[in-house]
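Okay, so here's the structure we're looking at.
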Amino acid sequence: MNPRSIPRTAVRGYLRMARLPLDAAIRLLPGNGSGPGSAAELALDRADASIRAIVGTILGDPVLRKDAQRRRVAADERQRALRLRAEAQRKSEEADSHLAQRQERATRQRQQANERAQQRRQRAADRRKARARSAAKTESQRRQASRKAAARAQEAVDERARSTRLATLDSQAEALREKDEALAARDEARRLGDAAARNKAARKSD
């Protein structure tokens, strides 16, 4: 066995034992791939790598130094991954926020459009009702005017009929009066003739 492998094995065993309670405590921290748990685990890995590098340098063990370098590179990669994940999470949250804002704005715009459309429909309905009322009023006025005109025309007809009847009655009365006068004149002429005849007869007898 390589004499250097004994200290190396001891160092690895010691670090493994030393990490057990720390790893257990880290697992209790919140965070799934990010957050305090991941940050603590990353710090512990970096400390592990630093200890391996220091001991490897002291012992002149290239394997420990290489292991430390590998662990540092892995820690850097993990830190970069955490940073990218956090950035992606931030961008995702921003995108979700922007999407929610756009959806809210779209919903608000749809509501406003619906309200404007409802107002337009209400105004159109009001205009139709107003036109219908105006048309009904105009038609009522037209019918009323027509009835009044018909009534005036009937009154005029009735007045002309009354005038005609009165004129006819006056003519008939005048004719009767003239007839009565003629009859009276004839009776008077007959009476005068009879009287004259009686007078003549009386003179002859004298």
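Just the heavy atoms: all of them, side chains too, but no hydrogens, waters or symmetry mates, feed the values below.
- No side-chain donor from either of Gln119 and Glu115 sits under 3.5 Å from a side-chain acceptor of the other.
- Taking both residues in full, the closest heavy atoms of Ala49 and Ala68 are given as O-CB, 3.1 Å, listed atom of the first, atom of the second, then distance.
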### Pair Arg177-Asp180, salt bridge (charged side-chain N to carboxylate O under 4.0 Å, His left out): steps then yes or no
CA-CA 5 Å; Arg177 186 181 62 78; Asp180 290 341; over 6 Å; no

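- The CZ atom of Arg121 sits 10.5 Å away from the CZ atom of Arg128 when rounded to the nearest 0.5 Å.
- Looking only at distances, no side-chain donor or acceptor of Ser92 sits under 3.5 Å from a matching main-chain atom of Ala88.
- Using a 4.5 Å heavy-atom cutoff, the side chains of Asp48 and Arg71 are in contact.
- For the residue pair Gln118 / Asn114, no side-chain donor-acceptor distance below 3.5 Å is found, with atom types taken as modelled.
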Test side-chain contact (heavy atoms from CB on, under 4.5 Å) on Val73 and Arg70; report intermediate values, then the result. CA-CA 5 Å; Val73 171; Arg70 180 181 61 79; 5.8 Å; no

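- Using modelled atom types, no side-chain atom of Ser97 and backbone atom of Glu93 make a donor-acceptor pair closer than 3.5 Å.
- A salt bridge links Glu139 with Arg142; the closest basic N to acidic carboxylate O contact falls under 4.0 Å.
- Atom CZ in Arg116 sits 8.5 Å away from atom CD in Gln109 (nearest 0.5 Å).
- Within the model, atoms CG of Leu169 and CZ of Arg162 stand 13.5 Å from one another, a figure rounded to the nearest 0.5 Å.
- One finds a salt bridge joining Asp187 and Arg190 here, because a Lys/Arg side-chain nitrogen approaches an Asp/Glu carboxylate oxygen to under 4.0 Å.
- Using modelled atom types, one finds no donor on one side chain facing an acceptor on the other under 3.5 Å when comparing Arg165 with Thr168.
- Salt-bridge formation is not detected for the pair Asp126/Lys129: no Lys NZ or Arg NE/NH1/NH2 atom is positioned less than 4.0 Å from an Asp or Glu carboxylate oxygen.
- Residues Gln79 and Arg46 have side chains that bring a donor and an acceptor to within less than 3.5 angstrom of each other.
- No chain of hydrophobic side-chain contacts below 4.5 Å, direct or via other Ile, Leu, Val, Met, Phe, Trp or Tyr residues, connects Val55 to Val63.
- Under the 4.5 Å side-chain criterion, counting only non-hydrogen atoms from C-beta, Val157 is in contact with Arg160.
- For the pair Ser134 (side chain) and Ala130 (backbone), a donor-acceptor distance under 3.5 Å is absent.
- Residue Arg108 qualifies as enclosed at atom CZ: its count of foreign heavy atoms under 6.0 Å is above 12.
- With rounding to the nearest 0.5 Å, the separation of CZ in Arg90 from CZ in Arg83 is 12.5 Å.
- Rounding to the nearest 0.5 Å places CZ of Arg72 at 10.5 Å from CZ of Arg65.
- How far CZ of Arg186 is from CZ of Arg191: 15.0 Å, rounded to the nearest 0.5 Å.
- Side-chain atoms of Ser140 do not come within 3.5 Å of backbone N or O of Ala136 as any donor-acceptor pair.
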